[in-house]
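I have placed the structure first, in the form of structure tokens, so that the comments after it can refer back to it.
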Amino acid sequence: MKNIEIKEKFKEMLGEVDPGTLIYRRSGTDLEYRKWFETVIEITGGKVVSPGGIQMYCNVSRAAAHKKINNGGITAFCFHVTKIEEAIFGEKSYICKTPYMLIPIYDLQEWEKELREKKLDKERDHKPGLKDYNAPFCMLNKKHKVAKGKSITWDNLETR
């Protein structure tokens, strides 16, 4: 699978890459977030989604999407908005909001192609058998009976 290409001039603005992944992390203020967001939009051409939007392209669970991100299969851009505020008695407190995460649609389209190819390979290699949905045991209901110890085939189905 081919991931989106990121030029060297953008890498400093995106932040550090988590080891073994393609997650670019950066933290900073709200103003720095604006510059970071503009950079991500410039790289992707504005074609990004949040992690919840992955299902629109790949029809996978959120757990599968996060696993793919954490294993380095998909590029992710994260920004942690942080700031230091003074409390009532002059103490400083470090405040961190929930991070923003954006996923390029290009990576999702590549993953979708990969998933489709795997599905086609499975269908091509598939040999019909008793475990198919059209097999007799799937058609059984309360009216059908089969003697114990016999394999289920169309020939030995009995109807009351």
Side-chain angles (χ1 to χ4, degrees), residues 1-140:
M1 185 174 120
K2 186 179 176 193
N3 296 76
I4 194 164
E5 290 183 31
I6 299 169
K7 297 177 182 171
E8 287 296 322
K9 66 180 183 177
F10 296 123
K11 287 188 178 182
E12 185 180 330
M13 179 58 82
L14 294 175
E16 296 179 11
V17 180
D18 288 358
T21 69
L22 292 173
I23 301 174
Y24 291 83
R25 286 192 196 275
R26 175 140 188 223
S27 58
T29 64
D30 288 318
L31 292 174
E32 290 173 321
Y33 167 72
R34 291 179 193 169
K35 292 177 187 174
W36 173 87
F37 183 76
E38 289 170 2
T39 304
V40 171
I41 295 302
E42 188 175 339
I43 292 169
T44 61
K47 296 180 178 181
V48 291
V49 295
S50 66
I54 292 174
Q55 288 86 356
M56 290 188 302
Y57 290 92
C58 300
N59 195 23
V60 296
S61 66
R62 283 183 153 214
H66 283 281
K67 183 176 180 181
K68 186 78 168 177
I69 292 167
N70 291 325
N71 290 339
I74 295 178
T75 306
F77 305 108
C78 296
F79 193 90
H80 300 263
V81 177
T82 56
K83 58 184 174 180
I84 299 173
E85 288 187 354
E86 276 193 35
I88 299 170
F89 300 109
E91 296 175 6
K92 291 186 178 182
S93 62
Y94 186 72
I95 297 174
C96 188
K97 295 181 183 177
T98 303
Y100 295 100
M101 183 183 263
L102 299 173
I103 312 293
I105 291 176
Y106 175 82
D107 284 13
L108 300 180
Q109 290 169 338
E110 291 294 315
W111 190 23
E112 181 184 26
K113 287 178 192 174
E114 182 182 305
L115 291 171
R116 282 188 181 169
E117 287 173 8
K118 283 183 182 178
K119 185 177 179 182
L120 288 174
D121 288 344
K122 272 187 177 178
E123 288 175 359
R124 223 177 289 120
D125 297 339
H126 179 71
K127 294 176 183 165
L130 285 178
K131 292 186 178 181
D132 288 339
Y133 291 110
N134 61 353
F137 73 89
C138 292
M139 308 302 178
L140 294 177

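Hydrogens, waters and symmetry mates are skipped; everything else that's a heavy atom, side chains included, is used.
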With sequence neighbours left out, write down each residue that passes side-chain contact (heavy atoms from CB on, under 4.5 Å) with [X], or none if nothing qualifies.
X: Leu22; value: Asn3, Thr75
X: Asp30; value: Val81, Lys97
X: Lys7; value: Lys9, Phe10
X: Lys113; value: Glu110

From [X] [atom1] over to [Y] [atom2], what is the distance, rounded to the nearest 0.5 angstrom?
X: Met13; Y: Glu42; atom1: CE; atom2: CD; value: 10.0 Å
X: Glu16; Y: Lys11; atom1: CD; atom2: NZ; value: 13.0 Å
X: Ser50; Y: Ile103; atom1: OG; atom2: CD1; value: 8.0 Å
X: Ile54; Y: Asp107; atom1: CD1; atom2: CG; value: 9.5 Å
X: Ile74; Y: Cys58; atom1: CD1; atom2: SG; value: 6.0 Å

* Mind checking side-chain hydrogen bond (donor to acceptor under 3.5 Å, both in side chains) for Arg26 and listing every partner two or more places apart, or none if nothing turns up? => none

* Structure fact -> Sorted by chain and residue number, the side-chain hydrogen bond (donor to acceptor under 3.5 Å, both in side chains) partners of Lys67 (sequence neighbours excluded) come out as none

Taking the side chain as C-beta and beyond, is there a heavy-atom pair between [X] and [Y] under 4.5 Å?
X: Ile69; Y: Ile23; result: yes
X: Thr29; Y: Glu32; result: yes
X: Phe79; Y: Val40; result: no

* Given side-chain contact (heavy atoms from CB on, under 4.5 Å), test Val49 with Ile105 step by step and report yes or no. => CA-CA 7 Å; Val49 295; Ile105 291 176; 4.1 Å; yes

* To do: Measure the acute angle between the ring planes of Trp36 and Phe77, then classify it against the limits of 30° and 60° as parallel, tilted or perpendicular.
  => perpendicular

Residue pair [X] / [Y]: nearest heavy atoms and the distance that separates them:
X: Tyr24; Y: Val17; answer: CE2-CG2, 3.2 Å
X: Ile4; Y: Ile43; answer: CD1-O, 4.0 Å
X: Ser61; Y: Gln55; answer: C-NE2, 3.8 Å
X: Met101; Y: Cys78; answer: CE-SG, 3.2 Å

* Please answer whether the main-chain N or O of Lys35 pairs with a side-chain N or O of Thr39 as donor and acceptor at a distance below 3.5 Å. => yes

* **Carboxylate-amine/guanidinium contact Arg34 Glu38, below 4.0 Å** => no

* Tell me, yes or no, whether the heavy-atom count around Tyr33 atom OH, taken from other residues, nucleotides or ligands under 6.0 Å, exceeds 12. => yes

